[in-house]
Amino acid sequence: LPIRSLQWYISSENCRMDFIKILSLITVILLRLFLNSMRNLSAPVFPIQANSWGYGSIVTGIITATFEVTAFITLFIIPGYVSYKNENKMYVIGGIGCGISVGVFGLANYSPNPTGFAILSFSSALIFGIFASFVFACAYSISTGIYPQHRIEITSALEVLVGIGSTIGPVVGGLLYSQYGYSFTFIIPGAFCILITVLCALFLCHGKIDGISSSNDDFLDKTALFRFSRDTHALFVGIPVLITGIHMDFRNTAFSKYVFENYGYTGEEISFIFSPRPITFIIFSVFNTFIIKKGYSPHMLCYSLFIYTIQSVLLFIPEFMPAIGTKTYFLFALVIQGYAYSFVNAPFYNVLEWVSRKSSYVNKLIIASWFAIVSVIGNVVGCLLFGGLFVDCIGFHYTNLVCAILDVLGFFLLIGFMLKNSYFSEYINA
């Protein structure tokens, strides 16, 4: 009887649909991983390449931040024009646009003069920001909508892979750069992104996976995200995401150039230093899934800021202790960053979903867009202010001291707000 039941299920329409749903979920999450990886590919190579064209930290920071600024503006617009009927199409268009623009970013190196390199890099980063915002806004609601009964597991898996993309991007970028040169560092991932997007489109279309957004209306309320952005709960819960964005882009922008200029590290050596960060993130993100199910998401957000403070202090110390400023020391500091990052993304979504139950206009698309917006603000501040202006004015190590002060301030603001609003007790009971 069990064998006959299994044979019946395998030959049934339900089995076919489940298989397509699984493939759809895999490709949706893989595309999100590739997107985060591609936006961090340039970390170990672009500052060095821009320097060879005669550009310093400020110009490098502006071009890097172009993506973030464009995504920030677009993300405020998108939720009002995304419906459950066109969510999949927006996701696919975003993936193809990202793949093409990343390839063009690599082709900028064939420009005949420095001005052409800067203009083409700037333009492709701007276009990448527009299309990436489509993916940012829709990935969470599409993936959790495929299997709504497994929302926590899918959210955790999605954020683990997003984090892997963010942390592994510099490693992949350094390896591709050392093997194939600057241009193909971006052309090869761009081509893979387009391929994954085509597969994703086929599965979503073939499986007829529509209407999976959490909205009951055809189009979402165009003012919902603006109203949510003024909510004190959204603002304070977003503090760890903001600081994570600052840490990631400041280190990705300035760290590779710092060790290249001061220690003479090659692209492969820089990739080696970055490589344990994604492994640390993966291990602790899987473990953190069980902590989230126990109801400790607010505690995890506060804890992440405490760990970020330790990392900032570690990167501030080598200025005064040259003997410790070795490759192993920097590697350990970035491992600490991967550990802190694992306590941010999935807990953020879970806490805001709990808060949003009191607000009828807030749904998964709004929460995902708010996460992307706060993260992008952090990325812009990390690139331009910390990785550009602060590094040029006060140096890499003192900029880490400023980061440590910001981390401590964010920690006390967040823990004070959560204690005042009974987050720790009410969330666990809920």
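Since the structure is predicted, the reported quantities are computational estimates derived from the model, not experimental observations.
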Could you tell me if the side chain of [Y] sits less than 4.5 Å from the side chain of [X], heavy atoms only?
X: Gln337; Y: Met248; answer: yes
X: Gln49; Y: Ser52; answer: yes
X: Leu409; Y: Ile405; answer: no

Could you state the interatomic distance from [atom1] ([X]) to [atom2] ([Y]), rounded to the nearest 0.5 Å?
X: Ile243; Y: Phe411; atom1: CD1; atom2: CZ; value: 11.0 Å
X: Phe105; Y: Leu107; atom1: CZ; atom2: CG; value: 11.5 Å
X: Ile96; Y: Leu195; atom1: CD1; atom2: CG; value: 11.0 Å
X: Leu406; Y: Ile246; atom1: CG; atom2: CD1; value: 5.0 Å
X: Ile194; Y: Ile100; atom1: CD1; atom2: CD1; value: 5.0 Å
X: Ile127; Y: Phe122; atom1: CD1; atom2: CZ; value: 10.5 Å

Report yes or no: does [X] contribute a side-chain atom to a donor-acceptor pair with the main-chain N or O of [Y] at less than 3.5 Å?
X: Ser304; Y: Val344; result: no
X: Thr197; Y: Val92; result: no
X: Ser121; Y: Ala118; result: no

Contact summary for [X] and [Y], nearest pair of heavy atoms:
X: Phe343; Y: Tyr339; answer: CD1-O, 3.1 Å
X: Gly238; Y: Phe348; answer: CA-CE1, 3.9 Å
X: Val104; Y: Ser124; answer: CG1-CB, 4.0 Å
X: Pro240; Y: Leu305; answer: CA-CD2, 3.9 Å
X: Pro189; Y: Leu176; answer: CG-CD1, 3.8 Å
X: Cys98; Y: Phe128; answer: CB-CE1, 3.5 Å

Residue pair Tyr341 / Thr280, side-chain donor-acceptor N/O under 3.5 Å: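 There is no such pair (donor and acceptor under 3.5 Å, judged by atom type) between the side chains of Tyr341 and Thr280.
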Parallel, tilted or perpendicular, as decided by the 30° and 60° cut-offs, for the rings of Tyr55 and Phe117: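 Plane angle under 30°, so parallel.
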Aromatic plane relationship, Phe396 with Phe255 - under 30° parallel, 30 to 60° tilted, over 60° perpendicular: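 Ring orientation, 0 to 90° scale: tilted.
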Test side chain to side chain contact (heavy atoms under 4.5 Å, CB included) applied to Ile187 and Tyr180, step by step: CA-CA 10 Å; Ile187 292 172; Tyr180 303 106; over 6 Å; no
Trace of the side chain to side chain contact (heavy atoms under 4.5 Å, CB included) decision for Thr244 with Tyr308: CA-CA 8 Å; Thr244 296; Tyr308 275 132; 3.0 Å; yes
Proximity of Phe390 and Phe250 rings by center, below 6.0 Å: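 Not close enough - the centres of the two rings lie 6.0 Å or further apart.
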Residues that Phe236 engages under ring pair (Phe, Tyr, Trp, His ring centres under 6.0 Å), provided they are two or more places apart: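 Phe236 satisfies ring pair (Phe, Tyr, Trp, His ring centres under 6.0 Å) with Phe417 only.
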Partners meeting ring pair (Phe, Tyr, Trp, His ring centres under 6.0 Å) with Tyr182 (sequence neighbours left out):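 With neighbours one apart ignored, the set is Phe186.
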From Thr399, Asn400, Asp407, residue fulfilling side chain to side chain donor-acceptor pair (under 3.5 Å) relative to Ser312: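 When Thr399, Asn400, Asp407 are each tested with Ser312, the side chain to side chain donor-acceptor pair (under 3.5 Å) holds only for Asp407.
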Set of side chain to side chain donor-acceptor pair (under 3.5 Å) partners for Gln311, sequence neighbours left out: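 His247, Arg251.
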